[in-house]
Asker: 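Below is a structure I'd like to ask you about.
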2 protein chains.
Amino acid sequence: MNVTIKDVAQRAHVAPSTVSRVIADNPRISKETKERVFKAMEEPGYYPNAIARSLASKMTYTIGLIMPRSAEDAFSNPFFPEVMRGISVVAHNEKYDLLISTSGNEEEEKQAVINMVKGRKVDGIVLLCSRTTDELIPWLREEKFPFTVIGKPLDSKGVCWVDNDNIGASRLATNYLIKHGHKEIAFISGSLEFVVSLDRLDGYKLALEENNIPFVKELVAQDEFSEDGGYNAMMRILKQKKPTAVVVTDDIMSFGVIRAAIDYGLRVPQDVSLIGFNNIPLSAYANPPLTTIDISTFELGVKSAELLLKILKNKDYMADHIIVPVKLIERKSCIKR
Amino acid sequence: MNVTIKDVAQRAHVAPSTVSRVIADNPRISKETKERVFKAMEEPGYYPNAIARSLASKMTYTIGLIMPRSAEDAFSNPFFPEVMRGISVVAHNEKYDLLISTSGNEEEEKQAVINMVKGRKVDGIVLLCSRTTDELIPWLREEKFPFTVIGKPLDSKGVCWVDNDNIGASRLATNYLIKHGHKEIAFISGSLEFVVSLDRLDGYKLALEENNIPFVKELVAQDEFSEDGGYNAMMRILKQKKPTAVVVTDDIMSFGVIRAAIDYGLRVPQDVSLIGFNNIPLSAYANPPLTTIDISTFELGVKSAELLLKILKNKDYMADHIIVPVKLIERKSCIKR
DNA sequence: TTGTATGCGTTATCAT
DNA sequence: ATGATAACGCATACAA
């Protein structure tokens, strides 16, 4: 079969345990034997079996990634790849691999996590998807399994999470519009099933309040995180009201909102100003280029991974959270009124 | 520690091997004991340790994914997430996990693969990146390790790969432009280091030849697979020639080409027609909506995974390849001349 | 149909 | 500093 630690041991005339120590770079081992062992590894092309290693050491050096339930959502919105990019950079630096398991529905997702956790396939998990109804978090907490969450969970007690200040970000966006003289400001977001949508709605309301602008529920709509979702939401609003500006909590949705406005005979930004969220690469090249809130997606990934690794290094690390800053990117989709 | 197969065996008053057989759903096992074992698994919450399982059975039920060298490229171009989506759907159906390992440079990439292969962490590998200079393919072939490649490798002898008919696709695109009355047709692609760029250039030339249009090398440019890359390539061409149409082998680059044209005072499609490649989600919402070649990115992922699984199921499966069809999506970026 | 024994390739705990 | 030897948790060939 393949060359094992025993073969190397024979070649080097030492015990397998010594070879193991050399691999682990154990300090108390003489230079001479270390050399000899390395030589004995070279020629036959020895490489440690990670599986056997994991079994014995109970360390896998791999991080589990739980994507949003539908692979559709997971990979079609640039948000997730960008988060993964952040995670993978950190993981790579620390010599961790990434194990990904997609799932179609809630039950499958649960199974995927159980499989990773109870199957001992990963050392820790990053949850890319925090729904308000998530039962994964309580389960992981109960299992005392190391994990971090991207997006503040509804019940964040005892869990480590990374997120933006979503209330603040939304308030920032809304205030920007208000300062540009807008008063009829619509708010379009994804499902309120997501904490992030809830928080951003709150930020929007907050900004209105601060400026004594009444909240009008006909100016608010939710829909899917997609171009079509944005289109439909905007259309629903336009049937009842005529906002002069709109806050859209996702750039992809913004594209749909723009299309809806145009279909409705409105020009952007002359008739409707628009501010998006996420600052995806293409929003800069939209027509008009999108003013948007950059939520530092990449950083979200980086921090979530760093936090997880910190936990792994110090098992009884206290529950903690990290707020990643946002930044308003001014482009051409908003004008003064 | 955690509950193991032995604990279950004791509870059910059977031998560990019997429990193992129940897990493996071995046919020759009585209904009664099977029931009893299942019961004994329930209460203490037994779950098989995948690592131990792998060590004993030499099967990991995970597929390794080798992304393009820079995580940058890997996740910023929608092509790769979409491919991953295809792969993950198939993997999920067959109860395989995905192990991802990103890498910064060629050396790291090699290490990542060695780590997966010699570390016995995966059963097979899908290469998402076939550079013409790739030394990974010969290595994997020599190791007799199961793998498939997305994109036809330069030396495809004895390797299983999945790709479009790139020559045909490019010829299709070019002919479309020619049929619309264009004769001054530019060709912008990524680096010729990629086989795909080479093939598409050939297809372009082929179409010109068929129509007795001379090949003009000033009308051809290569650059990075990015918006900026497209912009720069187009600018370089415009400084020498004034094409009435251009074939761009990547939608992201197309956005840059459009921007360059506009900066140069040209309207799209009135002054320059444009046909892209990949049909990424947002190309439909570009301005103008992009006419493009849909290369069935998702299918590319699906087929590569299916092919790999076929190999895994039948170790001495013959080298084979799969051509995934392309489709021309007509939108608004081309006009008759 | 079920049990026994051994191996999978390491790490880790004792020794020495 | 190094060597035996026992885990690690499961699969499997061989018995029964």
Side-chain angles (χ1 to χ4, degrees), chain A residues 1-41 44-62 114-123, chain B residues 1-41 44-62 114-123:
Chain A
M1 199 63 235
N2 233 309
V3 35
T4 77
I5 209 172
K6 286 182 186 172
D7 304 325
V8 176
Q10 288 197 332
R11 276 178 168 269
H13 302 292
V14 294
S17 48
T18 302
V19 178
S20 176
R21 289 191 183 101
V22 171
I23 294 170
D25 200 33
N26 192 313
R28 46 186 187 186
I29 198 106
S30 75
K31 305 285 171 195
E32 293 80 43
T33 47
K34 194 176 265 182
E35 287 299 319
R36 197 143 40 85
V37 170
F38 273 127
K39 281 235 172 62
M41 286 176 8
Y46 168 76
Y47 201 92
N49 180 321
I51 299 292
R53 220 175 220 252
S54 297
L55 184 59
S57 69
K58 299 182 181 310
M59 288 280 296
T60 63
Y61 286 97
T62 110
I114 290 181
N115 189 30
M116 280 187 181
V117 174
K118 308 282 273 186
R120 305 265 155 221
K121 298 214 251 197
V122 298
D123 295 338
Chain B
M1 199 62 236
N2 232 309
V3 35
T4 77
I5 211 173
K6 284 184 187 171
D7 303 325
V8 176
Q10 286 197 334
R11 276 179 169 269
H13 302 292
V14 294
S17 53
T18 304
V19 179
S20 176
R21 291 191 182 100
V22 171
I23 294 170
D25 200 34
N26 193 313
R28 46 188 186 182
I29 198 106
S30 76
K31 304 285 171 197
E32 294 80 41
T33 48
K34 194 176 265 183
E35 288 297 320
R36 199 143 39 86
V37 169
F38 273 128
K39 281 238 170 62
M41 285 178 7
Y46 169 77
Y47 201 91
N49 180 320
I51 300 292
R53 221 176 218 253
S54 298
L55 184 58
S57 69
K58 299 181 181 310
M59 288 280 296
T60 62
Y61 286 100
T62 110
I114 291 181
N115 189 31
M116 281 186 179
V117 174
K118 308 282 271 185
R120 304 268 154 216
K121 299 215 251 197
V122 298
D123 294 339

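Protein chains get the first letters and strands the later ones, always in sequence-line order, with residue 1 at the start of each. As a basis for the values below, the full set of heavy atoms in this structure was taken, side chains included, without hydrogen atoms, waters or symmetry mates.
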Asker: Below 4.0 angstrom from OP1 or OP2 of dT10(C), is there any side-chain N or O of Lys58(A)?
Answerer: no

Asker: To the nearest 0.5 Å, how far apart are CD in Glu35(B) and NZ in Lys39(B)?
Answerer: 6.0 Å

Asker: For Ala50(B), is there any backbone N or O sitting under 3.5 Å from a side-chain donor or acceptor partner on Ser54(B)?
Answerer: yes

Asker: Distance check, rounded to the nearest 0.5 Å: Phe38(A) atom CZ versus Thr33(A) atom OG1?
Answerer: 10.5 Å

Asker: Can you tell me how far the CG atom of Asn2(B) sits from the CG atom of Asn49(B), to the nearest 0.5 Å?
Answerer: 8.0 Å

Asker: Calculate the interatomic distance between Asn2(B) atom CG and dC10(D) atom C1'; express it in whole Å.
Answerer: 14 Å

Asker: Over all strands shown, is Ile29(A) touching base, sugar-phosphate only, or nothing at heavy-atom distances under 4.0 angstrom?
Answerer: sugar-phosphate

Asker: Considering residues, nucleotides and ligands other than Tyr46(A), do more than 12 of their heavy atoms fall under 6.0 Å from its OH?
Answerer: yes

Asker: Could you tell me the separation between the CG atom of Leu55(A) and the C1' atom of dA7(D), rounded to a whole number of Å?
Answerer: 9 Å

Asker: For the pair made of NZ in Lys34(B) and P in dT1(C), what is the distance, rounded to whole Å?
Answerer: 10 Å

Asker: Choose from dT4(C), dG7(C), dC14(C) the nucleotide whose nearest atom is closest to any side-chain atom of Arg21(B).
Answerer: dT4(C)

Asker: Judged by each residue's nearest nucleotide on DNA chain C, which is more toward the 5′ side, Lys31(B) or Ser57(B)?
Answerer: Lys31(B)

Asker: Donor-acceptor check, side chain of Thr60(A) to backbone of Asp123(A), threshold 3.5 angstrom: yes or no?
Answerer: yes

Asker: Let's see if you get this right: which residues in residues 45-54 of chain A place a heavy atom under 4.0 Å from DNA chain D?
Answerer: none

Asker: In whole Å, I'd like the distance from the NZ atom of Lys118(A) to the P atom of dC10(D).
Answerer: 12 Å

Asker: Mind checking the CD1-CE spacing from Ile5(A) to Met41(A)? Nearest 0.5 Å is all I need.
Answerer: 9.0 Å

Asker: Whole angstroms only, please: what is the CZ-C1' distance between Arg120(B) and dT10(C)?
Answerer: 15 Å

Asker: Nearest 0.5 Å, what's the NZ-CG distance between Lys34(A) and Asn26(A)?
Answerer: 8.0 Å

Asker: Contact list please: residues 5-20 of chain B against DNA chain D, heavy atoms, distance less than 4.0 Å, in numerical order.
Answerer: Ile5(B), Ser17(B), Ser20(B)

Asker: Does OP1 or OP2 of dT2(C) have a side-chain N or O of Thr33(B) closer than 4.0 Å?
Answerer: yes

Asker: Give me the bend of the helix from dT1(C)-dA16(D) to dT16(C)-dA1(D), using the axes of the five pairs at each end, rounded to 10°.
Answerer: 30°

Asker: Can you check side-chain contact (heavy atoms from CB on, under 4.5 Å) on Thr62(B) and Lys121(B), steps first, answer last?
Answerer: CA-CA 8 Å; Thr62(B) 110; Lys121(B) 299 215 251 197; 5.9 Å; no

Asker: Roughly, in whole Å, what's the span from CD1 in Ile23(A) to C1' in dT11(C)?
Answerer: 10 Å

Asker: Rounding to a whole Å, what distance do you find between Arg36(A):CZ and dA1(D):C1'?
Answerer: 12 Å

Asker: Can you measure from CE (Met59(A)) to CZ (Arg53(A)) and round to the nearest 0.5 angstrom?
Answerer: 10.5 Å

Asker: Assess whether side-chain contact (heavy atoms from CB on, under 4.5 Å) is satisfied between Asn115(B) and Tyr47(A), documenting all intermediate values.
Answerer: CA-CA 8 Å; Asn115(B) 189 31; Tyr47(A) 201 92; 3.4 Å; yes

Asker: As a quick check of understanding, evaluate side-chain contact (heavy atoms from CB on, under 4.5 Å) for Val22(B) and Val14(B), giving each step before the final call.
Answerer: CA-CA 11 Å; Val22(B) 171; Val14(B) 294; over 6 Å; no

